[in-house]
Amino acid sequence: MKKFLPVILIVLAVVGLFGSTYNKLQVKDEDVNQAWAQVENTMQRRADLIPNLVETVKGYAKHEEDVFTKVTEARSAVQSAKTPGEYAAANEQMNEAIRNINVVAEAYPDLKANESFQNLQAELAGTENRIAVERKRYNEKVADFNKAVKHFPTNLVAKMLGFGPREYFQLAEGADKVPTVKF
């Protein structure tokens with residue numbers, strides 16, 4: 001029996017390490033999933049606010065149909081996005097649509113003074129801040145997870161279990177450029 005004791009202890013240590021690493025990866029993976037759900041939740045909130053904003057603007061700017069079409073397309077893109085990359089592209093499309101609404105609002109002084117429009121703009125601004133915070137939190141969770149799956153010896157267990165680095169939420173190409181607004 002004493003002869004097998006070191007082997008048994010080594011097997012138990014390996015199983016313990018494997019189980020502990022597996023549990024740690026599962027927790028980190030779920031943290032990333034939860035953070036991503038919050039990104040989706042806040043982006044959906046913005047997409048839900050957009051129709052109200054559009055309807056308010058439509059009452060003042062009936063001939064700005066192109067703006068409303070782009071807003072509708074952007075909202076649809078956000079709702080159909082599945083991956084962080086698709087969300088980034090849809091997010092940029094939505095940002096452009098919102099900028100267009102703001103340009104229309106500038107052209108209609110009565111609209112800018114409308115209480116419903118002002119309230120919707122404030123809600124939208126708050127939602128934009130929430131989206132930024134949730135994207136930041138998501139990227140922090142992804143960084144933590146990615147570090148775990150790349151560090152030794154966790155990386156060995158991660159590869160055996162099919163865990164790999166997760167995708168960060170990144171801005172779409174050109175999204176960092178300041179838009180030009182002309183009246």
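These numbers come from a predicted model, not from an experiment.
Here CG of Asn91 is found 7.0 Å from CD of Glu128. Values are rounded to the nearest 0.5 Å. Atom CD of Gln26 is separated from atom CG of Leu161 by 8.0 Å, given to the nearest 0.5 angstrom. Taking CG of Asp48 as the reference point, atom CD of Gln79 lies at 7.0 Å (rounded to 0.5 Å). Summarising the geometry, atom OH belonging to Tyr168 is positioned 10.5 Å from atom CD belonging to Glu140; distances are rounded to the nearest 0.5 Å. One finds the CE atom of Met43 at 13.0 Å from the CD atom of Gln38 (value rounded to the nearest 0.5 Å).
For the pair Lys141 and Lys28, the minimum side-chain heavy-atom distance is 4.5 Å or more. Under the 4.5 Å side-chain criterion, counting only non-hydrogen atoms from C-beta, Arg130 is not in contact with Asn41. In this structure the side chain of Val149 reaches within 4.5 angstrom of the side chain of Pro165, judged on heavy atoms. For the pair Leu25 and Thr154, the minimum side-chain heavy-atom distance is below 4.5 Å.
Salt bridge status for Lys70 with Glu96: absent, with no side-chain N to carboxylate O gap under 4.0 Å.
Judged as a ring-ring contact (aromatic ring centres under 6.0 Å, His included), and not counting sequence neighbours, Phe145 has no contacts.
Judged purely by distance below 3.5 Å, without hydrogens or angles, the side chains of Arg46 and Asn95 pair a donor atom with an acceptor atom. In this model, no donor atom of one side chain and acceptor atom of the other lie less than 3.5 Å apart for Tyr138 and Glu134.
Checked against Arg166 for a side chain to side chain donor-acceptor pair (under 3.5 Å), the options Asp29, Asn139, Asn146 give a single hit: Asp29.
For Tyr22, the OH atom sits in a loose shell: 12 or fewer heavy atoms of surrounding residues, nucleotides or ligands are nearer than 6.0 Å. Remark: Glu86 CD is packed, more than 12 non-hydrogen atoms of other residues, nucleotides or ligands lying under 6.0 Å away.
One hydrophobic cluster, built from ILVMFWY side chains closer than 4.5 Å, cannot hold both Phe163 and Leu156; they sit in different ones. Note on Val78 and Val133: separate hydrophobic clusters, where clusters join Ile, Leu, Val, Met, Phe, Trp and Tyr whose side-chain heavy atoms are under 4.5 Å apart, directly or indirectly.
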Stepwise side-chain contact (heavy atoms from CB on, under 4.5 Å) check, Glu167 with Thr83
CA-CA 8 Å; Glu167 183 181 352; Thr83 66; 4.2 Å; yes

Run the side-chain contact (heavy atoms from CB on, under 4.5 Å) test on Met94 and Arg75 for me, step by step, so that the C-alpha distance in whole Å, both residues' side-chain angles and the decisive distance to 0.1 Å come before the verdict.
CA-CA 7 Å; Met94 181 67 78; Arg75 184 174 186 262; 4.0 Å; yes

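Using cut-offs of 30° and 60° for the angle between ring planes, the Trp36 and Phe169 rings count as tilted.
For the pair Ser76 (side chain) and Thr72 (backbone), a donor-acceptor distance under 3.5 Å is absent.
Ala77 and Gln93 make their closest contact through CB-OE1, 3.4 Å (heavy atoms, listed as atom of the first residue, atom of the second, distance).
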